[in-house]
Every structure is written in C-alpha cells, then in structure tokens.
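Here's the structure we're looking at; comments come further down.
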Amino acid sequence: MAEAKSVAILGGTGNLGHGMAVRLAGAGHRVVIGSRDAERARAAAERVSELVPSGTLSGADNGDAADGADFVLVAVPFASQAGTLKSVKDRLREGQIVLDACVPLGTAIGGRPTQLTGVWHGSAAQQAAALVPDGVRVVSGLHTLSADDLANPELTLEQDTLICGNSKADKDAVTALLSTIEGLRVVDAGRLEMSRMVEGITPILIGINIRYKTHSGFRITGLD
Ligand SMILES: NC(=O)c1ccc[n+]([C@@H]2O[C@H](COP(=O)([O-])OP(=O)(O)OC[C@H]3O[C@@H](n4cnc5c(N)ncnc54)[C@H](OP(=O)(O)O)[C@@H]3O)[C@@H](O)[C@H]2O)c1
C-alpha cells in the first residue's frame, strides 16, 4: 500500500467521522479521532478498533488530535465548522492539509437537509480556508459519500468523490490518501471556489435517498 499517513478527524465521534475512521484505519493509516471531549473520542476509537482490529486508532480532544497530523479531516456539522476550526487554530501548522467535508445544509439555519444554505465566503470550504492559519491548505471532498456505507467495511464503495483545492500538489496528496480506500475514485473538480457547486450535490442525493429509500452515491462517466 501507499505510505501510511496520520489523519486527525475533528468530530470523529459522529457519523461521517466514524465511517472515515473505519475506512482509513482499514487502509493502514494512523487515525486519531477528535472530539470536544477526549473521553468520548477514546470510546469512539475503541468502537472503530472493534470493527478494524488491525487498525492504528486513538482518541483525543480536537486540538490534541490535530497536532502534528498529516491530514486534518473536518467532519462536524456546518454550523459548528467555524467554532471547531477556531478551537484548533493554534494547533495547526504550515504544511498540514485540512480536508473539509462540511456541507452547508439548510438544517444549519433551521431548514431542511434537502436545502443548501448560502455561505458568505461562497462555500463551506472557502470559509474553512479563511479560518486556518497561513500555510495550512484546504482541500474539500467526501461530500457525497454515505456515512452508513463507509461504516460497513464489507461494502465496496464503487463511487467517486469530487475534490476541490487551489494547489495541485495538495489535491494529489489527498487523492493518494483517499485512493487507498477500496472502490473510491477521486476526481479533481477544480479550484476551491468550485466547492460551492460540489457541496450542492449533497442535498440532491439526500432527497434521492429519501424518495428511493437508498444510500445513493456519485459517479462521473467518461473517465478511465
Ligand atoms: N453523514 C454523512 O453521511 C455525511 C457525508 C458527507 C459529508 N457530511 C458532512 O460531514 C459533516 C459531519 O456530518 P455528520 O453526519 O458526521 O455529523 P454529526 O454526526 O451530527 O456530528 C459530528 C460531530 O460533530 C461534533 N459536533 C456536533 N455539534 C457540535 C457543535 N455544536 N460544536 C462542535 N462540535 C459539534 C460532535 O462531536 P463531539 O460532540 O464529540 O465533539 C459530533 O459527533 C457535516 O458537515 C456533513 O454535512 C456528512
């Protein structure tokens, strides 16, 4: 496998964080689950370890988790994204890549999960970029993956995730990380400003999931 990386998952006690911890630990990466509460993080890491006995997992508060990680995955509801990033800002270092998965669903402002709310910066990803220290780069992705599907290590994903970012090198690094997850193909969707449209796919899929009672995914055709 490709080189093992360390990945901190802020909000790793939640749905997406759990699913990504299962997949990344299963792929051989070192995963630190972050939480506002270190004890809750350790309990979440133990739950993942039971599913992935070969995995290297630990739990810590969000700040300790982010400290020194190669990648910092932001997996908190959009309404808490800014507060979470501010709470770890002094633990982030130049060279780290923040992988932001937040979707500004209507639920953040009392609306529905099938709605997208406007973000002053343009997108959740651009808001994240405005909040991290200089030298920390943001790539967005994972928006269309189902947490439930990720949490089932027996299930091959067979779908794409679109990533956005301003540096090809950063996107290459994220692609190398995520491509270690079996069945997940990473597609470069352009600069960070494109994330506004990528984030908008999620409420469409949530609506499809409700109408068809499924976990829909996303796939681009015409690529090798
Ligand atoms: N669920 C999915 O299938 C999915 C797929 C793609 C993208 N996403 C996006 O990923 C993000 C996480 O989704 P999720 O479903 O995993 O969310 P979630 O389970 O509701 O929450 C994740 C974690 O965020 C932390 N959190 C919750 N409220 C908070 C607050 N007010 N302040 C600070 N931290 C708070 C909690 O961790 P602690 O209490 O332990 O701190 C919680 O376990 C969202 O932005 C979502 O749009 C989700």
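Whatever order the structure lists them in is the order used to number ligands and atoms, beginning at 1.
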#### Entry: Beyond-backbone contact of P104 with E199, side-chain heavy atoms, under 4.5 angstrom
yes
### Task
Give yes if a backbone or side-chain nitrogen or oxygen of V76 is under 3.5 Å from a nitrogen or oxygen of ligand 1, and no if not.
yes
### Task
Salt-bridge test for E50 and R47: reply yes if a basic N is under 4.0 Å from a carboxylate O, no otherwise.
no
### Query
Between L116 and G200, what is the shortest heavy-atom contact and its length?
CD2-CA, 3.7 Å
#### Entry: Backbone or side-chain N or O of T13 under 3.5 Å from ligand 1 N or O
yes
## Note on the structure
among protein heavy atoms, the one nearest atom 29 (C) of ligand 1 is S80 OG, 3.2 Å
## Note on the structure
heavy-atom search around atom 22 (C) of ligand 1 in the protein gives A75 O, 3.4 Å
### Task
Under 4.0 Å, heavy atoms only, figure out whether ligand 1 is touched by the backbone of Q81, its side chain, both or neither.
neither
### Query
Does T202 use its side chain to pair, donor to acceptor, with the backbone of H143 at less than 3.5 Å?
yes
### Query
Considering V74, L16, N62, which one's heavy-atom position lies nearest to atom 14 (P) of ligand 1?
L16
### Query
Side chain, backbone, both or neither: which part of L145 comes within less than 4.0 Å of ligand 1 when only heavy atoms are counted?
backbone
### Query
So which heavy atom in the protein is nearest atom 3 (O) of ligand 1, and how far is it from that ligand atom?
A147 N, 3.0 Å
### Query
Which atoms from ligand 1 have a heavy atom of C102 less than 4.0 Å away?
45 (O)
### Query
Judging by distance only, is a nitrogen or oxygen of L142 under 3.5 angstrom from one on ligand 1?
no
### Task
May I ask you to list the atoms of ligand 1 that are less than 4.0 angstrom from any heavy atom of G14?
16 (O), 19 (O), 22 (C), 43 (O)
### Query
What atoms of ligand 1 come within less than 4.0 Å of a heavy atom belonging to T84?
33 (C)
### Query
Around R219, counting heavy atoms of other residues, nucleotides and ligands shown, do more than 12 lie under 6.0 Å from its CZ?
yes
### Query
Is any N or O atom of R36, backbone or side chain, closer than 3.5 Å to an N or O atom of ligand 1?
yes
### Task
Report the part of A41 in contact with ligand 1, treating N, CA, C, O as backbone and CB onward as side chain, heavy atoms under 4.0 Å; options are side chain, backbone, both, neither.
neither
## Note on the structure
So the atoms of ligand 1 within less than 4.0 Å of a heavy atom of F78 turn out to be 45 (O)
### Query
Short list, please: which atoms of ligand 1 are under 4.0 Å from a heavy atom of S35?
38 (P), 40 (O), 41 (O)
#### Entry: Short N or O distance, R40 and ligand 1, threshold 3.5 Å exclusive
yes
### Query
Quick one: does M20's side chain get under 4.5 Å of V31's, heavy atoms only?
no
### Task
May I ask you to test the R23-L157 pair for a side-chain heavy-atom distance under 4.5 Å?
yes
### Message
With heavy-atom distances below 4.0 Å as the criterion, list the atoms of ligand 1 near A101.
### Response
7 (C), 8 (N), 9 (C), 10 (O)
### Message
Please find the pair of heavy atoms, one from G95 and one from R137, that lie closest to each other, and give the distance.
### Response
CA-NH1, 3.8 Å
## Note on the structure
Under 4.0 Å from one or more heavy atoms of H143, ligand 1 contributes atoms 6 (C), 7 (C)
### Query
Starting from atom 20 (O) of ligand 1, which protein heavy atom do you reach first, and at what distance in Å?
P77 CG, 3.9 Å
### Task
Would you tell me which option among L150, V103, L105, N15 has the nearest heavy-atom contact to atom 19 (O) of ligand 1?
N15
#### Entry: Least distance between heavy atoms, V138 atom then A125 atom
CG1-O, 3.8 Å
### Query
Is there a side-chain contact between V136 and V72, using heavy atoms and a 4.5 Å cut-off?
no
### Task
Indicate the atoms forming the closest heavy-atom contact of V32 with A60, along with that distance.
CG1-CB, 4.1 Å
### Message
Testing the basics here: between L192 and S140, what is the closest heavy-atom pair and its distance to 0.1 Å?
### Response
CD1-N, 4.1 Å
### Message
Any non-hydrogen side-chain atom of L162 less than 4.5 Å from a side-chain atom of T144?
### Response
no
